[in-house]
Amino acid sequence: MLRAADINGDSVTGILAGWAGLLEGRFREIKFADFEDAIGSGGTMLTTSRTNPLKKERGLEIIEANMEKAGIDALIAVGGDDTLGVAAKLAERGVKVIGIPKTIDNDLAGTDYSFGFFTAVDEATKLIESLATTGRSHERVMVVEVMGRDAGWIASFAGLAAGANMVIVPEFKTGLDEVVALVMARQKAGRKSAVIVVAEGVDLGYKGDIEKDEFGHALVAKAEGESNASFLARYIERKTGAETRATVLGHTIRGTQPNSYDRVMATKLGFSAMEAAHAGRHGMMVAVRGTQIVEVPLAEGSRKKFLDKETWRVAKSFFA
Ligand code: F6P
């Protein structure tokens, strides 16, 4: 964002705690020193929240007023479908806003990839491989749960990359009988260990009501009680007799040091967002299409994107 200052003489204001910061007027001036080692850091120095302005009385109006008070000409919103969905609503009201796709879930329709995704996949891959090693040593079935509230992008990519024996995602149904059959087939072939990756958002049919956030999304990563991993592990052990262990990777795969692809992608997206704002192309989301950065309308780009059939077909062909 500081290229905006160099190139265009802009002053850059950081908004703290996501939409909560804009509702409450919590800003932070951004200085060059803030960025000295930012490229290699995970998370956000601005902090974030799950506040939904659409759930607050006159939320969007308050945001507009606070932007005006702070002298903000253009807003760059960085986030997933929730953040960018609100940005799209602001754009409808004529607010000058550009979106940047950022979610480890990679579930935004307008972009091939959102930054954070491949770093999370790298981290999950490494951890799944460690679990596979210990699983082989102890001849155990290892069930690993990864984030992915509505989509199986992380589960399928990390599962493929780590050579998992099976991946279970929300988009394509896998029956418990299929899981049991796979473990038993491996036992029959003398391979007692197996690695099964399951996305947190998969509905295995045992969960009751889960608390929802202000955007109406189930807080699966916060849910008390049984996880998908522990439910499956117990089920497998009972049905097959295989010694089984469950691990929930949860938040451990978020906030780690970004990989080079994510660093470059985030930099290019930020640069394009700055250019779009200066060119007056508001209401757009900058996005990755192949090796190019493109712009798509926020309302379209911020919709949900689910795991594609082709990735699933390839992933499935390795189940064994
Ligand atoms: O939306 C991204 C995500 O990482 C989901 O995969 C996960 O369910 C959720 O965030 C966790 O949210 P929180 O950090 O609020 O627990």
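In each ligand, atom 1 is the first atom listed, and ligand 1 is the first ligand listed. All values below come from the heavy atoms of this structure, side chains included, with hydrogens, waters and symmetry mates left out.
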Close side-chain approach of K309 and W312, heavy atoms under 4.5 Å: no
Ligand-side contact atoms (ligand 1) for residue partner M147, heavy atom cut-off under 4.0 Å: 4 (O), 6 (O), 7 (C), 11 (C)
Side-chain ion pair, R245 and E243, N-O less than 4.0 Å: yes
Subset of ligand 1 atoms that lie under 4.0 Å from at least one heavy atom of G148: 6 (O)
Residue R50 vicinity, atoms of ligand 1 by number, heavy atom under 4.0 Å: 1 (O), 9 (C), 10 (O), 11 (C), 12 (O), 13 (P), 14 (O), 15 (O)
Any G80 heavy atom less than 4.0 Å to ligand 1: no
Contact atoms of ligand 1, heavy-atom distance to D105 under 4.0 Å: 1 (O), 2 (C), 3 (C), 4 (O), 5 (C), 6 (O)
Ligand 1-proximal atoms of I104, by part, heavy-atom distance under 4.0 Å: side chain
W153 side chain near K305 side chain, heavy-atom distance below 4.5 Å: yes
D34 bridged to R28 by N-O distance under 4.0 Å: yes
Enclosure of D73 CG (heavy-atom neighbours >12, cutoff 6.0 Å): no
Polar atom proximity, T103 to ligand 1 (N or O, under 3.5 Å): no
Qualifying residue, where the test is salt bridge (charged side-chain N to carboxylate O under 4.0 Å, His left out) with D81 and the options are K102, K304, R303: K304
Residue selection (non-hydrogen contact nearest atom 7 (C) of ligand 1) among H251, E200, R149: E200
